Amino acid sequence: MFAALAAAAWLGACAAPDAPGSPATPSPGPARVAALIAGEYAGRPEVTDEPGTTGPLVRLTAAIEARNGPAVALRLSQRSGDSRPRDFRMVLRPTRVSTRLEGQFSPLGPDGEPSGACPLEVSLQSDGFVARTDAQTCRFGEGRDAVALVKEIAGDGRRLVIADRVVDAATGEATSADRILELHRVREFEGWAGIRDTPGAPWRMTETVRIASDGVPVRPSGAGDMRLGIELELAPYRIARDQASLLRLRVFDVESGELLGQSWADPAATRIGLALPSVQVGLRLRGAR
C-alpha cells in the first residue's frame, strides 16, 4: 500500500511499550476502537507530490452515533478553514477473529444520508488499530467516471492518521496525489499572559487564559476586561515532512497582525510558554499538576 501504512508502525512507536516479558494483548472490539476514535482533533494535511507542503488546519469531530448490540456507529465531521463540513459514518462490527473487526465507511450527503458505502477491514493492535478500504470494493461513480478509494485510518487514542488514494477504477492508476492527514486530539490549556508596552514599563497581566490546541485564536483580557492587544494560537504544526508534528504556540499583535513570537513543544507536552522582552505566556494542560 502507500505511504500512510507507515502510520501503523509510527503509532506503535509512539505508544507505551508492553511490560517486559508480557505478550501483546489485542484491543477489545468495536466499543474499544470507537472510544479511541471519539473526540475532537486538529491537524494539517500533507500532499505527497509536494514534499514538505501542508494545507490549512483541519478540525475533525468524531462522536458515537448509535449502538446495536456489539456494533457501534460513529459520525465524523471534518472541516477545513471556513468551508462546509464533510460528514462520514463509520460502522464497526466484531468478527470471529479476536484481532479483526469489519464494518463500513460511508460519505454522508447534505441530508445526512449515506451517498455510498465501502466495506472496512480493521486490524486490532495492543496500541491501537488500523482500518482500510479496498479499491475493489470501495467505488464511486459510473462508467468512465468511476473511481476507487483506498482509505486508511490508524489511531492510538491520542492521534489519528487518515490517508486517501483515489484511483481510476478501470486502470488502477492514481488520479491525484495521495493525501495524508495527521490529527492530534484537541487538549485544553490554561495559564497567564502579559505584555509590556515599552521597555521598563509595568507588565499588564492576566491569569485567566484558556485556549484549546485546535488553532482557534484567543484574545486574552487583563484587569477590568481590558484587552491586552495580543492574540494567541495553539495548534499542531510540522516543520518539515521528515519530522514529527509539534505543538506550536504563536502570539500576534491584534492591531497590526504582526507575529510577535512563537515556540514549539512535543505534541504530548503538558506545558508550553513564550518569554520575550515585551510579551510572555505560560500555559499548562488543564488538570495537569
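Just so we're clear, the structure is a prediction, and the values are computed from it rather than from any experiment. We use all heavy atoms of the structure for the numbers below, so side chains are in, but hydrogens, waters and symmetry mates are not.
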**Report entry** Evaluation steps, side-chain contact (heavy atoms from CB on, under 4.5 Å), between Leu234 and Phe189
**Finding:** CA-CA 9 Å; Leu234 189 65; Phe189 288 75; 3.6 Å; yes

**Report entry** Verdict with supporting geometry, Lys151 and Ile162, side-chain contact (heavy atoms from CB on, under 4.5 Å)
**Finding:** CA-CA 7 Å; Lys151 177 179 283 288; Ile162 303 174; 3.8 Å; yes

Query raised in the report: What's the verdict on side-chain contact (heavy atoms from CB on, under 4.5 Å) for Leu120 and Gln104, showing C-alpha distance, side-chain angles and the deciding distance?
Result: CA-CA 5 Å; Leu120 197 64; Gln104 289 181 322; 5.6 Å; no

Report task. Evaluate the criterion side-chain contact (heavy atoms from CB on, under 4.5 Å) for residue pair Ile153 and Val130; output intermediate values, then yes/no. Result -> CA-CA 6 Å; Ile153 305 173; Val130 179; over 6 Å; no

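Going from atom CD of Gln78 over to atom CZ of Arg59 covers 12.0 Å, rounded to the nearest 0.5 Å. Atoms CZ and CD1, from Arg67 and Ile64 in turn, are 4.0 Å apart once rounded to the nearest 0.5 Å. Atom CD of Glu173 is separated from atom CZ of Arg165 by 9.5 Å, given to the nearest 0.5 angstrom. Rounding to the nearest 0.5 angstrom, the gap separating the CZ atom in Arg204 from the OG atom in Ser221 is 10.5 Å. A distance of 9.5 Å separates NE2 in His184 from OG in Ser213, rounded to the nearest 0.5 Å. Put simply, CG on Leu60 and OG on Ser80 are 11.5 Å apart, with the number rounded to the nearest 0.5 Å.
With hydrogens and angles ignored, the 3.5 Å screen pairs no side-chain donor or acceptor of Ser106 with any backbone N or O of Pro114. Judged by distance alone, the side chain of Arg132 and the main-chain N or O of Ser123 form no donor-acceptor pair under 3.5 Å. When atom types are taken as modelled, the side chain of Arg227 and the backbone of Arg219 share a donor-acceptor pair closer than 3.5 angstrom. The closest donor-acceptor contact from the side chain of Arg196 to the backbone of Pro277 lies under 3.5 Å. For the pair Arg139 (side chain) and Ala135 (backbone), a donor-acceptor distance under 3.5 Å is present. Judged purely by atom type and a 3.5 angstrom limit, Ser77 has no side-chain atom pairing as donor or acceptor with the backbone of Thr61.
Note on Trp192: it clusters hydrophobically with Trp203, by side-chain heavy-atom contacts below 4.5 Å among ILVMFWY residues. Met205 and Ile230 fall into different hydrophobic clusters, where Ile, Leu, Val, Met, Phe, Trp and Tyr side chains are chained together by heavy-atom contacts under 4.5 Å. In the hydrophobic clustering of this structure, Phe252 does not group with Leu249; members are Ile, Leu, Val, Met, Phe, Trp, Tyr whose side-chain heavy atoms approach within less than 4.5 Å, directly or through other members. Put simply, Val251 and Leu259 are part of two different groups of oily side chains (I, L, V, M, F, W, Y) that touch within less than 4.5 Å, one to the next. Neither Phe88 nor Leu149 shares a network with the other; the hydrophobic side chains, linked directly or stepwise wherever heavy atoms of I, L, V, M, F, W or Y lie under 4.5 Å apart, form separate groups for each.
Closest non-hydrogen pair, Arg187 versus Ala268, comes out as NH1-O, 3.5 Å. For Ala265 against Ile272, the heavy-atom pair with the smallest separation is CB-CD1, 3.9 Å. Taking both residues in full, the closest heavy atoms of Val91 and Arg93 are given as CG1-NH1, 3.7 Å, listed atom of the first, atom of the second, then distance. Residue Arg185 comes nearest to Tyr41 through the heavy atom pair NH2-OH, 2.8 Å, listed as atom of the first residue, atom of the second, then distance. Residue Leu57 comes nearest to Gly215 through the heavy atom pair CD2-CA, 3.6 Å, listed as atom of the first residue, atom of the second, then distance. The heavy-atom pair separating Gln280 from Ala275 by the smallest distance is CG-CA, 3.9 Å.
When the shell of 6.0 Å around CD of Glu121 is examined, it contains 12 or fewer heavy atoms from other residues, nucleotides or ligands. Annotation for Asn68: atom CG does not count as buried by contact number, only 12 or fewer foreign heavy atoms lying within 6.0 Å. The neighbour count for Gln262 CD, taken as heavy atoms of other residues, nucleotides or ligands under 6.0 Å away, is above 12.
The only option from Val281, Ile211, Leu228 that meets the side-chain contact (heavy atoms from CB on, under 4.5 Å) definition with Pro220 turns out to be Leu228.
Residues Leu36 and Arg158 have side chains not in contact (no heavy-atom distance under 4.5 Å, counting atoms from C-beta outward). Taking 4.5 Å as the limit, every side-chain heavy atom of Asp164 sits out of range of all side-chain heavy atoms of Val150. Two residues are said to be in side-chain contact when any heavy atoms from C-beta on lie closer than 4.5 Å; Leu108 and Arg75 meet this criterion. The closest side-chain heavy-atom distance from Val58 to Arg79 is not below 4.5 Å. You'll find the side chain of Val167 stays beyond 4.5 Å of the side chain of Val147, heavy atoms only. Inter-residue side-chain proximity for Glu65 and Arg89 is flagged as met; some heavy-atom pair is nearer than 4.5 Å. Looking only at side-chain heavy atoms (C-beta outward), Val218 and Val216 stay at 4.5 Å or farther from each other. Counting heavy atoms from C-beta outward, Asp87 and Leu76 have side chains that stay 4.5 Å or more apart.
Between the side chains of Thr95 and Glu102, no donor-acceptor pair of N or O atoms lies under 3.5 Å. Side-chain polar atoms of Thr175 and Asp168 form no donor-acceptor pair below 3.5 angstrom. In this model, no donor atom of one side chain and acceptor atom of the other lie less than 3.5 Å apart for Arg284 and Thr270.
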